[in-house]
Structure formats: structure tokens, C-alpha cells
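Below is one structure; the comments refer to it alone.
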Amino acid sequence: MISEHWLEEIKKKLLERNSKELILATGKTPSGHIHVGILREILICDSFRRILEREEKEPKVFLFLDSLDAAKRFPEYIKPEFRKKHLGKPFSFIPCPFEESECESYAHHFGNELISTFKDFGIKNEIIWAHELYKTNEMQEKIKIALKNNDKIKSILKKFILPTLDDVKKEQFNETQKNWMPVMVICEKCDKIQFRGKDDSIKPNRILKYDNKKDIVSYECQACGHKADISIYSGRLKLNWRIDWPAKWSIYKTTCEPAGKDHCVKGGSYDTGLEICKEIFGYMGPLKVAYEWLRLGDRDMSTSKGIVFTPKKYLELADPEIFRMLILRTNPLKHISLRIEEIPQYYDYYDKMENIYYNLEHAETEEEKDIINYMYPLIKVKSISKEKPRQIPFKVLSFFSQVQNILSLETLYEKALSILGYRDSESISFEEFKFLLKRTKNWIDEIKMIIENMNDDKQKRLLTQKITIFTIQDKIDRTIIDNLDEKQIKGISLVKNFFIENEYLDEEKIQNTIFTISKDQLNINPKTLFEALYLLILGKKFGPRLGSFLLLLDKDWLINRLTIEV
RNA sequence: GGGCUAUUGGCGCAGGCAGGUAGCGCAGCAGGCUCUUAACCUGACGGUCGGGGGUUCGAAUCCCUCAUAGCCCGCCA
């Protein structure tokens, strides 16, 4: 193999470590609706899982949900009074913000929303909730180790962070380091772990003193002022992020954890984490795999700021395979712009890839063929069939979903089966078909919204044309009829007669008839008659190819529509 | 102050690690299908690969440098 997929390169490094167990990890704070960006690291791990399982290596994959992280801000869809009340508490200590649901906590609501999509995406992993992890002896031992090694930890942080700061921040950093301890306490009185000052500064309930004989720490709550001593085994202590991460690594012996570029930056938490893991917890730490953000169009997403496009939402618009494909075909260090309006093009690429995999189409190069053969099994959610799975083309679905107001689902289903070349419903059930149609409808609606919000008129028009958005009018606008000329009206009536007189029709015949009527009987440019027909049915001058379109419509409905009173 | 990524025809991108006449998709253009296309088929057009310098017989590719853009970097997470 000349060229290799980036996953293979990382895999080699993984196997060089010669670990008995291969532990893959990912993590996320459930601070709100979790957006699709997190799937990038989850899918990288899931792909490794598949690769390693194929090689009989028995990997384990964990997803750490940082439910004990403090709410430092809330997304805008959370009510103000709720925000005010719970700001500064760990997410697992905050109730579910939505009254109608009965979740255990804020963290569970959003965490479970993410988890519920894994099955559809073909993701397998084990979930570790931070608030439960911190109740375990293992984690509490790590807290103890961290407290004992406070000075050492501080010098590591200093060594890594200081060189990356400018002078002002250097001073700030040195200042906070003076009384710094690696552990925070969740106040027993108000459940808060930090306080957000009016100047937007964050004041954590950092512990003030550690009694290493009794294993008791003292703290003062920055939010309510409560002062107390508390045992390190109380379950109310939490390590600071930069120590929390390596502590988890050392407990689970994590072999590899992908992380967003924010963590992977020089002097960031990954670098300090690895050093702390090695020096304080005595474990070499995971292989660092950095990845760039996944963007929505040209915007970054942010869970806490409420710019979200969730995996659940994605699944309402398109196939999970398409998403896996986007992630796998792109080097993790490059950013991906997920563009809803380009989903048809994604499907085109997927189809091409599938054709190449099944040897129905030639790849341009050997490398392309190799890469596709490698990726395809990692992309599929269901098992791979011997022959290329038949699918209703996206364009057809897009068309079908827009004529639902005049055509029954049954008619469309029959039509779909005939396009697929099936005489029965073996390959695609009616239920599945309904689901596909609904999903495409959702996508069309989404596109309509995107078009509406576009500022550039030219872009707007291009997109409208590219995607062929149309609506069949329930009633004809009277002004349309009034604006038709004599020949157009005559033409419409001739087309109507043609439909009445002919029992069996095909699209070619319809198409040709319209031309013949225009040229021979009316002596007008065919375009004029086409426009009249489109106006009558769609309310605008253009639409899908008329022959196949009219054939699809219910004949009686069509004849009725073509009967116009002048 | 530090870092990552990007800069290749109108748009979106591949190629870059292993240097050897610049590619793909979409749009645009022309023609074809007895035939409006925002259907399909065919064809042609279109780029001095962000600027500059260096290494080389030869650079989109390697090295240096500059520029522009996006994002990230104390505490907290």
C-alpha cells in the first residue's frame, strides 16, 4: 500500500506501545445540548475500536461525561431565574431544566440526549459519569496523591504554562499560583463549587488547607461564605481540570484520547496532563491525537453558548453513514464545515465511494481505491452486504417529499419501488420509506430556512435552483389564469384532452406531445406552453422535468387542474 | 507573547510526508437528445498552486521569510 489512511498511522503508534489493553477515551461536559462536534473524537475512537476488533485486540472505549464540572454559564435557552439559581453548581447537582422531563439532573438530561443517538451512529462505548467516579476509592486516592504533591504539580504547571503567556498574564498566573491547590470543594450548604464575580472572574472553592494526617481539608465557599472542614472521602471534592484529566488516565490506563485543539495547544491541558500523569500518578499517559473543530457552515459551534446542532438533529436530516464518512475522509487536523445545503453532494460522494467499493466504478488511482476499501467498512453502520445496497436516490426523495400534498404515500411508495427495480417490498418496507420521506422533508424545510436567512440574492437563487425546491399549489391563483394568453389556454385544454384520451402514457410521450401541440397546433415556442403548465401546477415558471412529473401525478387530479374557467 | 490550521481556476476541495509537464466535484460556456432544464450525454474554456527568497537539472510539493484569514492558549472547563 503506497498511501495510508491517517487512522493507520495513528494505529501504528498505538501498537508500538505494546500495551496489553488498548483503552480509548473521549470526554465531554454536559453543559447544554451537546453538538455534533463531539462526534469527531467519538467516531475516531469508534473507528479504532472497529479496526482493533478486526485484529482481535479487544479494545475498550470510554466516554467520560464531566458531570461534576461547574456551570460557569448557561446557554440562552435556559430560563434566567434558573440560571441565576444554579450558576456555579456542578451539572449533576443541578435539576433538569425542563419541567416536562424527569431526568436525574441537568447533566443527565443533556448527557443522555447524546448517548441516545449512539446506536443509530453505530457507536459502542461505556459511559463514565464524573459524579460517580468521584465517589470511588480510586479517585479519592488520586485526590490524596495530588494534595500531597501540590508543590510538584505547581512547578509542572509553571514550567509548561509560563512560557506561553504574555507579560500581563504571566503576572496574573503567578498571583493565582500563590495560594493554589489542585482540589475544589462542593459547598455542603449551597452545592456550589465556584462563584462568578460581577467582573466575570471565576472564584473556585479551592481548598485552603490539607491535614494529611486526618485527611481533612478546609474550605470557604466563595458563593455563600460557608466555612468548614471536610473529609477527602466525602465525595464532594473535585480535582482541577488539569489534574482531573491525568487522574482519569492513570486509573483507566488510557492508551489514546483524541482531544480538540484547545486542549492540545502548547502549554495546554494535554501537555501538562501528560507530565502530571507521569510524574505524579506514575503512568505514561495516552497517545495524544489532536483534532480541529467541526463547524456548522462557517460558524463554530459551542455547547455553552448555545450555538448547537445536535447529533439528534443531524439524524433527523440525513444518514449516519454520511456523517461517519465526513469524519473519516478528513484528516483530523483540518477543520470540517458541515453544510446542510451540501448534503446532496455528500450523498453523491457516498454513492461514488460505494460504487468503487463494489467494483462498479473505477477509482481514479490505486490509492483512492485502497483508501475507500479501508474506509467503507468503518463508515457502515449495518453489516456489509455482498452486493451494493440499493437506495432511493436523494434527488428522487427530495422530489417525492415535495409532492406529498397531492400524492398519497402509497402511490409514491409504488413509484419508489419501481425505480429501485423491485416488484415487491422486500428491500425497503413501507415504514422505512415513510421514514426516508419524512427525513427528506425535514431537510427541505431546513434548506428553506437557510435560503430565507441568506442575504446574498444571487446565492439565494443559485441554491433554490440547485436543490429544486417547489410547492404544488392547492388552489390556482386567479391572477395566473388571467395572465395567460389565448394560445396558452388553448394549449392547456389540448394537453387536458390528450390526458383524457390516452389511457397509457409514458414520460417521453407526454413530453413530445407538449412540443407537438406547441409547434404544430399553436405555432408558439414550446417554452410558452411549458411555462403555462408550470404556473398552473406550481405557481411558478419552472419545475422538474414535466414528462415524468405529470406522469407521477394523479390523473384525475391533473385533468381537474387543467380544466380552467376563463 | 505563544500555538494550530488554512491560502491551488467563480465556489467547495484533492495532490504536499516519499520533488519530475496542475486534478476532482459544482457552477459557467457550447453542442446533442424530434425536447424549457435549475434532467441527462458530449465537448471545449478556465489556475504563473497567497507574496518573496533559497535548495535542486527540475518546487504546488522541501527549507527560510513575510502577508492574510479563522480558531485556540491564565484561573475555570
Taking a pair as Watson-Crick or G-U wobble with both distances under 3.5 Å, which nucleotide is matched to [N]?
N      : answer
B:rU37 : none
B:rC62 : B:rG54
B:rC29 : B:rG43
B:rG9  : none
B:rA14 : none
B:rC71 : B:rG3

Distance in angstrom units between [X] [atom1] and [N] [atom2], rounded:
X        : N      : atom1 : atom2 : result
A:Leu162 : B:rC73 : CG    : P     : 18 Å
A:Glu9   : B:rA18 : CD    : C1'   : 12 Å
A:Tyr346 : B:rC26 : OH    : C1'   : 13 Å
A:Lys178 : B:rG74 : NZ    : C1'   : 15 Å
A:Gln177 : B:rC75 : CD    : P     : 8 Å
A:Leu326 : B:rG12 : CG    : P     : 17 Å
A:Leu165 : B:rG3  : CG    : C1'   : 12 Å
A:Asn355 : B:rC24 : CG    : P     : 19 Å

Considering only the [atom1] atoms, how many Å lie between [N] and [M], rounded to the nearest integer?
N      : M      : atom1 : value
B:rU21 : B:rG16 : P     : 14 Å
B:rC33 : B:rU42 : C1'   : 11 Å
B:rA14 : B:rU55 : C1'   : 27 Å
B:rG15 : B:rC24 : C1'   : 10 Å
B:rU7  : B:rG12 : C1'   : 14 Å
B:rG50 : B:rC40 : P     : 33 Å
B:rC11 : B:rG20 : P     : 27 Å
B:rA60 : B:rC35 : P     : 48 Å

Say whether [X] and [Y], considering side chains only, have a donor N or O and an acceptor N or O under 3.5 Å apart.
X        : Y        : value
A:Lys142 : A:Ser250 : yes
A:Thr310 : A:His33  : no
A:Tyr210 : A:Asn150 : no
A:Arg242 : A:Ser269 : no

Counting heavy atoms from C-beta on, name the nucleotide in [options] closest to the side chain of [X].
X        : options                : result
A:Ile161 : B:rG74, B:rC71, B:rU36 : B:rG74
A:Trp293 : B:rU36, B:rG74, B:rC71 : B:rC71
A:Val265 : B:rC73, B:rC24, B:rG74 : B:rC73
A:Lys266 : B:rC71, B:rG3, B:rC35  : B:rG3

Problem - Neighbour count >12 (heavy atoms, 6.0 Å) for atom CD, A:Gln521 - result: yes
Is a donor on one side and an acceptor on the other found under 3.5 Å between the side chain of [X] and the backbone of [Y]?
X        : Y        : answer
A:Arg561 : A:Leu536 : yes
A:Ser398 : A:Phe394 : no
A:Lys238 : A:Val183 : no

Fill in the blank from the handout: Sorted by number, residues from residues 327-336 of chain A placing a heavy atom under 4.0 Å from RNA chain B are A:Leu333, A:Lys334
Practice task
Hey, which sits more toward the 5' end of RNA chain B by its nearest nucleotide, A:Asp348 or A:Lys238?
Solution key: A:Asp348
Problem - Of A:Lys261 and A:Ile193, the one whose closest RNA chain B nucleotide lies more 5' - result: A:Lys261
Exercise for the section: May I ask whether A:Phe515 stacks on the base of B:rC35, given the cut-offs of 5.5 Å between ring centres and 30° between planes? Expected result: no
Handout entry: Lys/Arg cation over aromatic A:Tyr134: A:Arg236, 6.0 Å, 45° cone
Key = no
Exercise for the section: Indicate, with a heavy-atom threshold strictly under 4.0 Å, whether A:Lys158 touches base, sugar-phosphate, or nothing. Expected result: nothing
